[in-house]
Chemist: 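Next up is a structure, given as structure tokens.
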2 protein chains.
Amino acid sequence: MSRKRFDDMNCGVAQALDQVGDWWTLLIVRDAFFGSTRFAQFEESLGIAKNILSDRLRKLVDHQVLSKERLDEPGNRFEYRLTEKGRDLWIVLTAMRLWSDKWVFGRDKAPLVVAEQDTGRALTALLAVGEDGKPVDPSKLEWRAGPGATSKS
Amino acid sequence: MSRKRFDDMNCGVAQALDQVGDWWTLLIVRDAFFGSTRFAQFEESLGIAKNILSDRLRKLVDHQVLSKERLDEPGNRFEYRLTEKGRDLWIVLTAMRLWSDKWVFGRDKAPLVVAEQDTGRALTALLAVGEDGKPVDPSKLEWRAGPGATSKS
DNA sequence: GACCTCAGGTTTCGTTACGAAACGCCTATA
DNA sequence: TATAGGCGTTTCGTAACGAAACCTGAGGTC
């Protein structure tokens with residue numbers, strides 16, 4: 001009767017959820033993007049219980065989304081940093097943020113704006129593109145079996 | 001001691017997780033994209049317990065991600081369909097799928113490919129663009145308070 | 001009317017996960 | 001030796017999950 005895991009589903013969505021879909025996990029990753037590196041920082045910023053934070057950090061390190069390094073500081077100190085795999089999650093976070101800006105807050109009440117440093121241009125959308133870098137039409141997409149397809153999508 | 005909800009966090013990621021971050025919820029949405037509309041279809045395709053499916057469908061309807069309509073069929077039959085808000089989640093699902101293709105399966109072992117119907121061009125990436133439709137540089141982004149900002153990001 | 005079927009749930013109950021607080025461990029400084 | 005800070009682990013009560021049994025309302029059959 002253990003909680004079902006999704007890692008046996010041959011589907012990218014299920015795999016992503018299996019690695020970062022746990023309650024709290026994506027918020028920890030978001031906090032890492034905001035600059036948190038220490039246990040106490042995550043704890044304070046999120047208001048998460050220590051045991052749960054400990055568990056989630058361990059799983060994130062196991063999945064190589066975060067790295068854990070001992071610091072050259074007095075005491076038993078560590079820092080957690082996003083790996084390249086972890087940094088690649090910014091698109092997932094951005095997609096969620098844009099969706100909420102549109103459907104939960106309303107676009108003119110967004111609590112957070114992401115903009116290019118030098119030009120100040122705000123990031124307002126994600127565009128689906130093909131290998132050639134040109135946009136594909138989202139309304140005309142179809143799902144096909146890929147090279148690693150078995151049964152379930 | 002109730003499970004913490006994120007709906008009071010003034011952050012788009014937290015809001016999205018509050019509405020669709022529950023265990024199973026995004027997989028139900030994914031199945032809806034694949035064409036499931038009936039209770040039994042979701043149940044069979046996902047292998048989810050009836051009570052949990054029932055709970056998740058109700059929440060998705062509450063949040064207007066799915067609509068529930070009675071069918072003109074004999075018996076007590078309903079269908080669940082994605083609303084516009086729900087269909088807008090395809091970017092989140094796509095971001096997760098691309099992330100897994102890269103980091104879990106490996107790009108050449110992706111179980112699923114999404115391509116444009118007429119041209120056959122595969123969707124291979126999401127591109128961040130500004131209001132002018134031109135790409136922004138992801139490595140030079142900064143987070144700013146938006147119009148609805150309060151304290152927490 | 002009495003009975004049956006089927007989709008779509010709800011109830012029940014045992015197991016697992018979560019949350020809060022207390023406690024332990026390691027390192028360093030006084 | 002004592003104390004303190006950072007980083008967890010342990011403990012324990014509550015909530016969520018999973019499986020199976022049960023219920024409900026609409027229709028069809030006799």
Side-chain angles (χ1 to χ4, degrees), chain A residues 1-9 14 17-29 31-32 35-63 66-81, chain B residues 1-9 14 17-29 31-32 35-63 66-81:
Chain A
M1 326 299 173
S2 81
R3 177 194 210 169
K4 201 164 288 191
R5 303 237 49 120
F6 302 138
D7 55 345
D8 58 336
M9 291 190 186
L17 288 174
D18 195 67
Q19 298 204 358
V20 299
D22 255 327
W23 209 239
W24 285 116
T25 299
L26 274 177
L27 287 179
I28 292 171
V29 172
D31 249 47
S36 291
T37 60
R38 305 285 285 265
F39 190 92
Q41 283 183 301
F42 291 107
E43 188 186 358
E44 201 218 325
S45 137
L46 293 172
I48 183 178
K50 284 162 179 277
N51 53 346
I52 306 297
L53 176 58
S54 174
D55 176 78
R56 296 299 186 274
L57 287 173
R58 179 160 12 87
K59 285 180 182 166
L60 284 168
V61 171
D62 283 351
H63 288 309
L66 296 178
S67 65
K68 180 177 186 177
E69 300 285 342
R70 174 178 290 273
L71 287 176
D72 274 345
E73 278 183 30
N76 228 357
R77 280 106 214 245
F78 304 93
E79 68 172 11
Y80 297 90
R81 293 201 172 274
Chain B
M1 325 290 182
S2 82
R3 177 191 207 172
K4 203 164 285 191
R5 303 241 44 125
F6 303 137
D7 55 344
D8 57 335
M9 289 189 186
L17 289 173
D18 195 67
Q19 297 203 0
V20 299
D22 255 326
W23 208 239
W24 285 114
T25 299
L26 274 177
L27 287 179
I28 292 171
V29 172
D31 249 47
S36 290
T37 61
R38 305 284 286 266
F39 191 92
Q41 282 182 302
F42 291 107
E43 188 187 357
E44 201 218 324
S45 139
L46 293 172
I48 182 177
K50 283 162 177 275
N51 52 349
I52 306 297
L53 176 57
S54 174
D55 176 78
R56 296 299 186 274
L57 287 173
R58 182 163 5 90
K59 285 180 183 166
L60 284 168
V61 171
D62 283 352
H63 286 130
L66 296 178
S67 65
K68 179 178 187 176
E69 302 284 343
R70 173 179 291 273
L71 287 176
D72 273 346
E73 278 183 32
N76 229 358
R77 281 104 211 250
F78 304 93
E79 67 172 10
Y80 297 89
R81 291 201 173 274

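Just so we're on the same page: letters track the sequence lines, and every chain starts at 1. Predicted, not measured: the structure shown is a model, and the values here were computed from it. As a basis for the values below, the full set of heavy atoms in this structure was taken, side chains included, without hydrogen atoms, waters or symmetry mates.
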Chemist: Does the side chain of B/Phe39 reach to within under 4.5 Å of the side chain of B/Lys50, using non-hydrogen atoms?
Modeler: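 In contact.
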Chemist: When the distance from CD1 of A/Ile48 to P of C/dA21 is rounded to whole Å, what number comes out?
Modeler: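 After rounding, the gap between these two atoms is 15 Å.
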Chemist: Given the ring of A/Phe78, does A/Lys68 sit roughly above its face, with NZ or CZ under 6.0 Å from the centre of the six-membered ring and within 45° of the axis?
Modeler: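 Verdict for A/Phe78: a cation-pi partner in A/Lys68.
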Chemist: Which residues satisfy the side chain to side chain contact (heavy atoms under 4.5 Å, CB included) test with B/Arg38, sequence neighbours excluded?
Modeler: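 For B/Arg38 the side chain to side chain contact (heavy atoms under 4.5 Å, CB included) partners, ignoring immediate neighbours, are B/Gln41, B/Leu71, B/Glu73, B/Arg77, B/Glu79.
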Chemist: Within this structure, what is the CZ-to-C1' distance between A/Arg56 and C/dG19, rounded to whole angstrom?
Modeler: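 Checked: the CZ to C1' distance equals 12 Å.
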Chemist: When we call it a touch if two heavy atoms are under 4.0 Å apart, what does A/Arg70 touch: a base, just sugar-phosphate, or nothing?
Modeler: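 No contact.
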Chemist: Whole-Å distance between C/dG8 P and B/Leu46 CG?
Modeler: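 To the nearest whole Å, that distance equals 15 Å.
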Chemist: Please confirm whether the backbone N or O of B/Ile28 pairs with a side-chain atom of B/Arg56, one donor and one acceptor, at under 3.5 Å?
Modeler: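 Not a single qualifying donor-acceptor pair exists.
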Chemist: With a cut-off of less than 4.0 Å, is there a side-chain N or O of B/Trp24 near OP1 or OP2 of D/dC17?
Modeler: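 Negative; the distance criterion is not met.
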Chemist: With 3.5 Å as the limit, what N/O pairs link the protein to nucleotides 9-13 of chain C?
Modeler:
residue: C/dG9; atom: OP1; partner: B/Lys68; partner atom: NZ; Å: 2.9
residue: C/dG9; atom: OP2; partner: B/Tyr80; partner atom: OH; Å: 2.4
residue: C/dG9; atom: N7; partner: B/Lys50; partner atom: NZ; Å: 3.3
residue: C/dT10; atom: OP2; partner: B/Ser54; partner atom: OG; Å: 2.8

Chemist: Would you call B/Lys59 and B/Asp55 a salt bridge, taking side-chain N to carboxylate O under 4.0 Å as the test?
Modeler: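 Here B/Lys59 pairs with B/Asp55 in a salt bridge, since their nearest N and O are under 4.0 Å apart.
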Chemist: Find the distance B/Leu71:CG to D/dG27:C1' and express it as a whole number of Å.
Modeler: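 From B/Leu71 CG to D/dG27 C1': 15 Å.
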Chemist: Is any side-chain nitrogen or oxygen of B/Arg38 closer than 4.0 Å to OP1 or OP2 of C/dG8?
Modeler: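 Yes, B/Arg38 has a side-chain N/O under 4.0 Å of OP1/OP2 on C/dG8.
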Chemist: Rounded to the nearest Å, what distance is computed from the CZ atom of residue B/Arg5 to the C1' atom of nucleotide C/dC18?
Modeler: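 Taking atom C1' of C/dC18 as the reference, CZ of B/Arg5 is at 13 Å.
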Chemist: Just how far, in rounded Å, is C1' of D/dA15 from CH2 of B/Trp23?
Modeler: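 One finds 16 Å between C1' of D/dA15 and CH2 of B/Trp23, rounded.
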Chemist: Expressed in angstrom and rounded to an integer, what is the separation of B/Gln41 atom CD from C/dA7 atom C1'?
Modeler: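 B/Gln41 atom CD is separated from C/dA7 atom C1' by 12 Å.
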Chemist: Given atom CD1 of B/Ile52 and atom P of D/dA15, what is their separation to the nearest angstrom?
Modeler: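 The answer, rounded to whole Å, is 16 Å.
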Chemist: Does the gap between the ring centers of A/Trp24 and A/Phe42 come in under 6.0 Å?
Modeler: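 Between A/Trp24 and A/Phe42, the centre distance exceeds or equals 6.0 Å.
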Chemist: For D/dG8, take OP1 and OP2 only and decide whether either is under 4.0 Å from a side-chain N or O of A/Arg77.
Modeler: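 For A/Arg77, the contact criterion (side-chain N or O under 4.0 Å from OP1 or OP2 of D/dG8) is not met.
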Chemist: Would A/Asp22 and A/Arg3 pass as an ion pair if we require N to O under 4.0 Å?
Modeler: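 Salt bridge flag = yes for A/Arg3 with A/Asp22.
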